[in-house]
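Order of listing sets the numbers, starting from 1, for every ligand and every atom in it.
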Amino acid sequence: MTPAAIEPWRRVVFLRMSNSPLDCDFLVIGGGIAGLMFAIKAAEAGTVIVLTKAESAEANTAYAQGGIASVWSVEDTFESHIEDTLRAGAGLCDRNAVESIVREGPDTVRELIRFGTRFTRVEAGGEDEYDLGREGGHSHRRVLHAQDLTGREIMRALGEVASAHPNIRILENHVAVNLLTERFNGSAACWGVYVLDRMTGKVGRIVAPVTMLATGGAGKVYLYTSNPDIASGDGVAMAYRAGAPVGNMEFIQFHPTCLYHPAAKSFLISEALRGEGAILRLPDGTPFMKKYHPDGELAPRDIVARAIDAEMKRLGLDFVYLDLSHREAGFIRNRFPNIFKRCLSYGIDMTAQPIPVVPAAHYMCGGVVTDLHARTSIARLYAAGEVAMTGLHGANRLASNSLLEAAVMGRRAAAAASKDLAAARGRLVPEFAQWDPGRAIKSEERVLISQSWDEIRRLMWNYVGIVRSDRRLARATRRLELLNQEIHSYYWDHLLDSDLIELRNLVTVAELIVRSATTRKESRGLHYNIDHPERDDANWLRPTIIAK
Ligand code: FAD
Ligand code: SIN
């Protein structure tokens, strides 16, 4: 082991406590819906720094199309939204989490509107109302949306409020590397992070009494994903390294319909199309979903994704078709302007022809285990949004429940963290060592990083995808062990950059997914193993929790 191989935070012995100044009251890692909701609410109690690892507009949130689920119409009820969520979650949802998050939906949506989000409105029976979309697994229309650019609109509104707030500073292109933790008598507390400034290449510390992890998902673990490049599971990996338990990592949701086109990098074709009557067809035009589920195209997402996968494998297809061309062209252009325009740019006119689609990794249902105030097991470390596991989604997330969960939990966390802040004020702050690169050198062989990155994503797609088996999981475990060793030795011998940080996190998250999938000897929700094809409530009606 070279001197560079000693992790700086491990070397920190708390010989000294001091009154050294804090950098802010609340440090937020991530500027998507969860991070911004938290930041705006927490800024009422103290100063906030928000880190985003790329430009601040780049987050999974910005790509959300379908919308945010919430009981809104008079025909709908909380009970119905709760039941739909529990049904999708296949026995693994935490009922308390489901009830409390669903019931807080309308208030949270009203707050988003108050912050300036403009959801699409329609005229119905002479009244001007919010338009409610329908998606798979929902028994009512309850999805508020901004045409098919809901996430971008939410980011615009929250981004404007946060940027204008005197208590909030947003630091773009700052990549959190590791949490700063203080350990005492077997328990741990968080004091911020080591962070890489991508513009200068320097690693510094940000010290804060409250840290919020809002780093989003991990779609980049898979070769094909609907997620943007930022989604490399950094928050899960950092929290796990710091000792926080993570749960339900085997439940990766594959979105059934991403555009299949060589030039289209991860473009989603929203489930809302199926909500408006789009039909999945084979190349000869035959619809096939009714064969798999009585709800056809509106069956839960895991069933639709598996059905497409099965048809593609059965017939050796590269894609299937999603067809909305039977709806009126004006309706399609107006309801789905972004999808229409994007498809047209690839030569596909969705008002007149079907769209070629394939499933792709989309959403991480598991994550860092939290309570219903977003607290993790580490004192003053919170987690909200896709990085967290509250118990809302169980074994499968209901469409459009994630923006809801992220917004509700971001808000709640701010309330709880403000109390923590009051208690932490006046405490002595540990003196954390400066990041010490030791004898690390500049990474010259980029091919070693890109090859490992590619191997992880390909093996996860082939061995730990929509359908799994014991043999595939065993192979994945062996390959990842080797990759993990190689990546870790490379990591410690080279100066940090964002690719290397992400690669280390990616291999950790991949291992957590494989370990969880290997542990669960049954099929449930999003986890389908051909060697254990049945659901086994007697043994597996519980989350899969892994701690270091
Ligand atoms: P994100 O919005 O992903 O934000 C993560 C933030 O963390 C980013 O700012 C990123 O820069 C930052 N970050 C990450 N790592 C680091 C690091 N190491 N250091 C510093 N910063 C870091 N859900 C719905 O409910 N409805 C939908 O219609 C819907 N449509 C979707 C469509 C697409 C194409 C995708 C990809 C997802 C969709 N989802 C939808 C899921 C939903 O968008 C996400 O789950 C949700 O937006 C996650 O929000 P978040 O705040 O947790 O994370
Ligand atoms: C979509 O619009 O299909 C995505 C909805 C979601 O992931 O919740």
Side-chain angles (χ1 to χ4, degrees), residues 27-38 50-70 133 135-138 143-146 148-152 154-155 158-159 170-179 193-196 198 206 212-220 225-238 253 255-258 266-275 301 304 336 339 360-365 367 383-388 393 397-407 409-410 498 501-502 505:
L27 172 64
V28 188
I29 312 174
I33 185 170
L36 290 179
M37 271 306 249
F38 176 87
V50 179
L51 304 179
T52 68
K53 76 186 207 191
E55 313 258 293
S56 58
E58 190 62 345
N60 272 9
T61 302
Y63 292 81
Q65 297 181 350
I68 180 164
S70 172
E135 291 180 0
H138 287 280
V143 182
L144 288 106
H145 61 96
D148 56 355
L149 287 166
T150 311
R152 200 188 293 176
I154 291 174
M155 287 290 283
L158 297 184
I170 299 177
L171 299 180
E172 295 186 319
N173 291 305
H174 279 67
V175 189
V177 181
N178 260 337
L179 297 169
V193 282
Y194 283 111
V195 61
L196 169 79
R198 287 174 71 184
I206 298 183
M212 158 58 92
L213 272 183
T215 48
K220 296 305 281 189
T225 175
S226 66
N227 291 191
D229 289 347
I230 55 107
S232 51
D234 298 0
V236 166
M238 282 189 285
Q253 184 169 73
H255 197 291
T257 58
C258 283
S266 46
F267 184 68
L268 187 81
I269 307 294
S270 175
E271 183 151 336
L273 265 78
R274 281 177 278 132
R301 232 173 237 186
V304 183
F336 302 110
I339 297 173
H362 182 60
Y363 185 83
M364 177 176 77
C365 289
E386 195 166 337
V387 69
H393 308 307
R397 173 182 68 102
L398 192 60
S400 291
N401 261 359
S402 48
L403 290 177
L404 171 72
E405 180 193 46
M409 295 307 293
S498 54
I501 294 169
E502 286 181 344
N505 292 333

Which heavy atom of the protein is the closest neighbour of [atom], given with residue, atom name and distance?
| atom | result |
| --- | --- |
| atom 36 (C) of ligand 1 | Asn227 ND2, 3.3 Å |
| atom 18 (N) of ligand 1 | Asp234 OD2, 2.8 Å |
| atom 29 (C) of ligand 1 | Ala64 CB, 3.4 Å |
| atom 3 (O) of ligand 2 | Glu271 N, 2.6 Å |
| atom 41 (C) of ligand 1 | Ser402 OG, 3.4 Å |
| atom 2 (O) of ligand 2 | Ser270 OG, 2.7 Å |
| atom 14 (C) of ligand 1 | Thr215 O, 3.4 Å |
| atom 3 (O) of ligand 1 | Asn60 N, 2.9 Å |
| atom 50 (P) of ligand 1 | Thr61 OG1, 4.0 Å |
| atom 27 (C) of ligand 1 | Gly67 O, 3.5 Å |

For [X] versus [Y], what's the shortest heavy-atom pair and its separation?
| X | Y | answer |
| --- | --- | --- |
| Val387 | Met364 | CA-CE, 3.9 Å |
| Ala361 | Asn227 | O-ND2, 4.2 Å |
| Pro228 | Asn60 | CD-OD1, 2.7 Å |
| Ala399 | Glu271 | CB-OE2, 3.9 Å |
| Ser226 | Ala360 | N-CB, 4.1 Å |

Where's the contact between [X] and ligand 1, heavy-atom distance under 4.0 Å: side chain, backbone, both or neither?
| X | result |
| --- | --- |
| Val175 | both |
| Arg397 | side chain |
| Leu268 | side chain |
| Asn505 | neither |

Could you tell me which atoms of ligand 1, counted from 1 in the order shown, lie closer than 4.0 angstrom to a heavy atom of [X]?
| X | result |
| --- | --- |
| Thr52 | 9 (O), 11 (O), 21 (N) |
| Ala59 | 1 (P), 2 (O), 3 (O), 4 (O), 8 (C) |
| Ile29 | 19 (N), 20 (C), 21 (N) |
| Leu51 | 21 (N) |

Backbone of Arg397 reached by a side-chain donor or acceptor of Arg301 within 3.5 Å |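 Absent.
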
Is the shortest N/O to N/O distance between [X] and ligand 2 below 3.5 Å?
| X | answer |
| --- | --- |
| Ser402 | no |
| Ala272 | no |
| His362 | yes |

Should Glu502 and Lys220 be marked as a side chain to side chain contact (heavy atoms under 4.5 Å, CB included) after you check the CA-CA gap, both sets of side-chain angles, and the distance that decides it?
-> CA-CA 10 Å; Glu502 286 181 344; Lys220 296 305 281 189; over 6 Å; no

Does [X] reach the side chain of [Y], with side-chain heavy atoms less than 4.5 Å apart?
| X | Y | value |
| --- | --- | --- |
| Leu179 | Ile29 | yes |
| Leu36 | Thr61 | no |
| Tyr63 | Leu268 | no |
| Val193 | Leu27 | yes |

Before signing off on this row, confirm whether [X] and ligand 1 have an N or O atom pair separated by under 3.5 Å.
| X | value |
| --- | --- |
| Gly66 | yes |
| Lys53 | yes |
| Leu404 | no |
| Val387 | no |
| Ile33 | yes |
| Glu386 | yes |
| Ala34 | yes |

Could you tell me whether Arg301 approaches ligand 2 through its side chain, its backbone, both or neither, with non-hydrogen atoms closer than 4.0 Å?
->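 Answer for Arg301: side chain.
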
Is Leu268 touching ligand 2 with its side chain, its backbone, both, or neither, if touching means heavy atoms under 4.0 Å apart?
->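 Side chain only; the backbone of Leu268 stays clear of ligand 2.
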
4.0 Å heavy-atom contact, Thr150 with ligand 1 =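 The answer is no: ligand 1 sits nowhere under 4.0 Å from a heavy atom of Thr150.
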
Please confirm whether Gly151 comes under 4.0 Å of ligand 1, counting heavy atoms of the residue only.
->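 No, Gly151 has no heavy atom closer than 4.0 Å to ligand 1.
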
With Gln65, which of Leu149, Ile339, Ile269 fulfils side chain to side chain contact (heavy atoms under 4.5 Å, CB included)?
->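 Single side chain to side chain contact (heavy atoms under 4.5 Å, CB included) partner of Gln65 among Leu149, Ile339, Ile269: Ile339.
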
About how many Å separate CD1 of Ile230 and OG of Ser498, when rounded to the nearest 0.5 Å?
->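 Separation between the atoms: 12.5 Å.
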
Would you tell me which option among Gln65, His174, His362 has the nearest heavy-atom contact to atom 38 (C) of ligand 1?
->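 That would be His362.
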
Is there a donor-acceptor contact under 3.5 Å linking the side chains of His393 and Gln253?
->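 Per modelled atom types, His393 and Gln253 side chains form no pair under 3.5 Å.
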
